[in-house]
There are 4 protein chains.
Amino acid sequence: MKKRGPKYNQIIDAAVTVIAENGYHAAQVSKIAKQAGVADGTIYLYFANKDDLLISLFQEKMGEFIKKMEVELKEIKSMEQKLFLLIQSHFQLLAKSEHLAIVTQLELRQANKRLRESIAEVLKPYFLLLHAILREGMEAHTVSADIDIRLASQMIFGSVDETVTNWVINNQKYDLVALAKPLHEMLIYGMKMNKS
Amino acid sequence: MKKRGPKYNQIIDAAVTVIAENGYHAAQVSKIAKQAGVADGTIYLYFANKDDLLISLFQEKMGEFIKKMEVELKEIKSMEQKLFLLIQSHFQLLAKSEHLAIVTQLELRQANKRLRESIAEVLKPYFLLLHAILREGMEAHTVSADIDIRLASQMIFGSVDETVTNWVINNQKYDLVALAKPLHEMLIYGMKMNKS
Amino acid sequence: MKKRGPKYNQIIDAAVTVIAENGYHAAQVSKIAKQAGVADGTIYLYFANKDDLLISLFQEKMGEFIKKMEVELKEIKSMEQKLFLLIQSHFQLLAKSEHLAIVTQLELRQANKRLRESIAEVLKPYFLLLHAILREGMEAHTVSADIDIRLASQMIFGSVDETVTNWVINNQKYDLVALAKPLHEMLIYGMKMNKS
Amino acid sequence: MKKRGPKYNQIIDAAVTVIAENGYHAAQVSKIAKQAGVADGTIYLYFANKDDLLISLFQEKMGEFIKKMEVELKEIKSMEQKLFLLIQSHFQLLAKSEHLAIVTQLELRQANKRLRESIAEVLKPYFLLLHAILREGMEAHTVSADIDIRLASQMIFGSVDETVTNWVINNQKYDLVALAKPLHEMLIYGMKMNKS
DNA sequence: AATGAATGAGGGTTCATTCAT
DNA sequence: GATGAATGAACCCTCATTCAT
């Protein structure tokens with residue numbers, strides 16, 4: 001099993017396409033292989049099994065996004081701008097690829113328990129990133145000291161995730177990235193009138 | 001297929017138990033039948049098929065919750081108190097039944113597309129409830145006029161849902177209902193310092 | 001998994017036929033089901049899996065033979081007559097059913113390790129029967145006291161088994177049962193001249 | 001396909017090791033190639049296919065034994081001594097190599113039909129050797145004229161084979177070669193008391 | 001001669017649903 | 001109404017073999 005052959009990404013991209021177009025349960029290995037232009041068995045030269053392929057898919061797409069964010073966020077000073085960049089980038093990633101959005105928001109959620117635990121594992125750094133941003137903000141007195149950081153992280157991720165999911169369910173017919181600004185404002189200032 | 005025999009709820013409760021204890025994929029119709037103390041075929045006298053049983057389960061438990069909320073919310077005046085009651089009641093419902101929480105937050109999410117669309121349908125009144133609360137708040141100048149109501153609803157639901165899911169994943173080992181207040185505050189006032 | 005329905009033996013007999021006619025490796029479950037006139041899944045109502053079906057087949061046919069022999073041998077006094085009856089009955093059993101002979105002597109031997117260990121387990125009582133016969137013969141001073149009973153049992157079984165196998169390989173074209181007498185004599189008296 | 005390169009025996013010995021240590025079904029060509037220190041494809045430069053490799057293995061090991069016996073047996077006069085030498089040598093060959101014994105007595109038996117027919121072919125000279133010994137013995141009036149030579153050969157081979165197999169099954173924990181003498185005696189004199 | 005990446009055919013088993021009793 | 005024995009469609013993965021290098 002050798003990761004990173006030329007066919008490694010070829011197969012992952014084929015999986016994204018097949019799952020997005022056929023749905024998780026109809027995404028047979030043979031269908032993915034055909035889409036990738038390789039034999040069924042070739043998939044098993046690059047992935048231990050079907051689950052491993054799907055986990056790798058998520059790792060490759062989200063994991064790489066998270067790593068990129070870790071780097072980019074270092075350049076920014078204020079907590080508010082950091083949070084905005086994260087939300088905007090999250091939206092941009094999924095707005096860029098219709099298929100990837102369908103796969104991460106809808107199809108991969110119906111994976112079995114083991115697979116979903118692995119996916120949760122990949123998301124851990126995302127939450128750690130949120131923790132760090134909020135802690136820094138608190139130290140810089142930008143974020144209220146009363147805030148429960150873990151709860152706030154869940155609020156942020158839950159809001160972002162639910163927003164993307166709704167956008168996918170509504171056939172991606174409005175501008176997702178444009179929602180970064182208002183969502184960011186609501187998260188920072190709340191929904192209350194007179195936020196002066 | 002006649003709903004509301006004496007065995008109707010018996011079967012739904014058996015389904016909750018079996019899914020919570022065995023997981024979605026190991027919850028065969030025969031296992032649910034055994035837990036309910038009826039024959040496999042009997043289930044098909046009350047439900048059209050397995051999907052219908054699961055949708056009915058969600059409808060019965062969440063739908064009834066939403067109807068109850070619609071009534072109770074009428075008694076309350078302020079938008080802030082309405083939102084608090086909704087969040088708190090949502091948390092209370094799931095904190096009350098360990099099994100139901102596992103089923104709605106983890107197991108039912110891995111259902112197939114068709115089933116999940118039906119579940120989304122059941123949740124629609126929940127979102128309409130949120131829309132109404134926010135619109136009223138806006139009219140009463142409690143909620144900022146700049147707010148995108150649909151986006152704010154997604155933020156609220158996403159935050160609540162993610163909070164419950166994390167509580168379930170962490171084996172329900174802390175007090176979920178106690179999180180209603182801080183979450184409510186963050187949603188209303190945001191995370192910003194000096195929320196005066 | 002309920003043994004002994006009316007279809008239990010129906011399936012076992014179908015397995016014997018299909019294996020004998022197609023060979024061990026070409027004996028798919030679906031082929032056996034078709035021959036038995038049942039659905040594929042029905043086989044799994046009576047047998048845990050394919051291995052269990054094959055073990056049951058051997059148990060049913062050889063196990064029942066061994067039990068019958070245990071009873072019949074009690075009626076006979078002399079060790080020589082007991083041994084003769086055993087050999088003759090063994091030959092008769094397999095001469096009676098062309099298919100069963102092919103299955104036990106050729107096809108079932110290419111089973112996997114686990115299956116073959118189970119088959120060896122079924123044969124244990126056969127060896128215990130031989131041990132008992134020889135021990136009795138030794139006590140009655142019919143069998144030489146110098147004999148290693150375990151080795152002698154292996155000689156007897158090996159001779160009988162090899163004789164049947166050769167008869168099957170040669171397409172069962174000569175009278176197997178007729179070989180009981182000369183084989184019995186050789187086992188008792190050896191091949192030496194002047195066995196007076 | 002050229003037999004007898006330097007790697008020919010290298011591959012065969014690797015096959016014996018791999019089959020003995022992993023079992024017949026887990027003995028993939030790739031595993032044998034790795035053990036032999038060659039590439040998968042190289043095996044096909046020396047053997048037509050996997051079956052051919054296994055047949056060659058048996059031929060190389062048993063065929064060479066039989067040829068050696070043909071020579072050595074010419075030096076001996078009496079039928080009894082010839083038979084003893086054959087049994088003893090057979091036992092010695094397999095007692096010498098734990099791996100070879102496992103492969104010939106257990107693993108190779110679960111080969112497919114075609115392969116086992118080829119193996120039977122290799123054993124034919126062994127049976128011819130037995131026929132010749134018995135015929136000579138009969139002419140020299142050492143062996144009873146009533147004996148069916150083919151049946152007697154099967155008795156001898158079956159006894160020897162079953163004895164080795166039992167020794168392997170019992171983890172080779174007793175002295176196999178020591179059984180040559182008592183087995184030889186039983187074959188010659190039978191199990192009857194008073195063999196004077 | 002030697003390599004090893006790529007190929008692709010093939011089968012045991014589960015479980016939602018039916019229907020004769 | 002209630003039963004539960006019977007149905008049968010659907011799919012991941014292995015591994016012997018090839019062939020371009």
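In what follows, every chain begins at residue 1, and chains take the letters A, B, ... in the order their sequences are listed. Predicted model only: the values in this text are computed from it and were never measured.
V29(A) comes within 4.0 angstrom of the backbone, heavy atoms only, and of no base.
Remark: C1' of dG8(F) and CG of L45(C) are 12 Å apart, rounded to the nearest angstrom. Summarising the geometry, the separation between CG on D52(C) and C1' on dT13(E) is reported as 14 Å, rounded to the nearest angstrom. Residue I11(B) contributes atom CD1, which lies 11 Å from atom C1' of dA2(F) at whole-angstrom precision. In this entry the distance linking NZ of K31(C) with P of dG10(E) reads 11 Å, nearest Å. Atom CG of N49(D) is separated from atom P of dT18(F) by 9 Å (rounded to the nearest Å). Computed from coordinates, the Y24(C) OH to dG11(E) C1' distance equals 13 Å when rounded to whole Å. Remark: C1' of dT14(E) and CG of N22(B) are 16 Å apart, rounded to the nearest angstrom. Rounded to whole Å, the distance from CG on D51(B) to C1' on dA16(E) is 10 Å.
At the phosphate of dT7(F), neither OP1 nor OP2 sits under 4.0 Å from any side-chain N or O atom of Y44(C). Taking side-chain N and O atoms only, S30(B) has no distance below 4.0 Å to OP1 or OP2 of dC15(E). Considering only side-chain N and O atoms, K7(B) lies under 4.0 angstrom from the phosphate OP1 or OP2 of dA2(F).
Heavy-atom minimum distance, L94(B) versus T104(B): CD2-OG1, 3.7 Å. The minimum heavy-atom distance between V103(B) and A20(B), with the atom names listed, is CG2-N, 3.8 Å.
For dA6(E), the paired nucleotide is dT17(F), the pair qualifying as Watson-Crick or G-U wobble because both relevant distances are below 3.5 Å. dG11(E) is paired with dC12(F) under the Watson-Crick or G-U wobble criterion, all donor-acceptor distances under 3.5 Å.
Between G41(C) and D40(A), the residue anchored closer to the 5' end of DNA chain E is D40(A), taking for each the nucleotide with the nearest heavy atom. Both G37(C) and A26(D) lie near DNA chain F, and the one whose nearest nucleotide falls closer to the 5' end is G37(C). Nearest-nucleotide positions on DNA chain E for A27(C) and A39(A) put A39(A) closer to the 5' end.
Classified by interplanar angle (parallel below 30°, tilted 30° to 60°, perpendicular above 60°), the ring pair Y8(A)/Y46(A) is tilted.
The side chain of Q28(B) sits closest to dA16(E) out of dC11(F), dT7(E), dA16(E).
Between the side chains of D161(D) and Q105(D), at least one donor N or O lies within less than 3.5 Å of an accepting N or O.
With contacts defined as side-chain heavy-atom distances shorter than 4.5 Å, the pair E107(B)/K113(A) qualifies.
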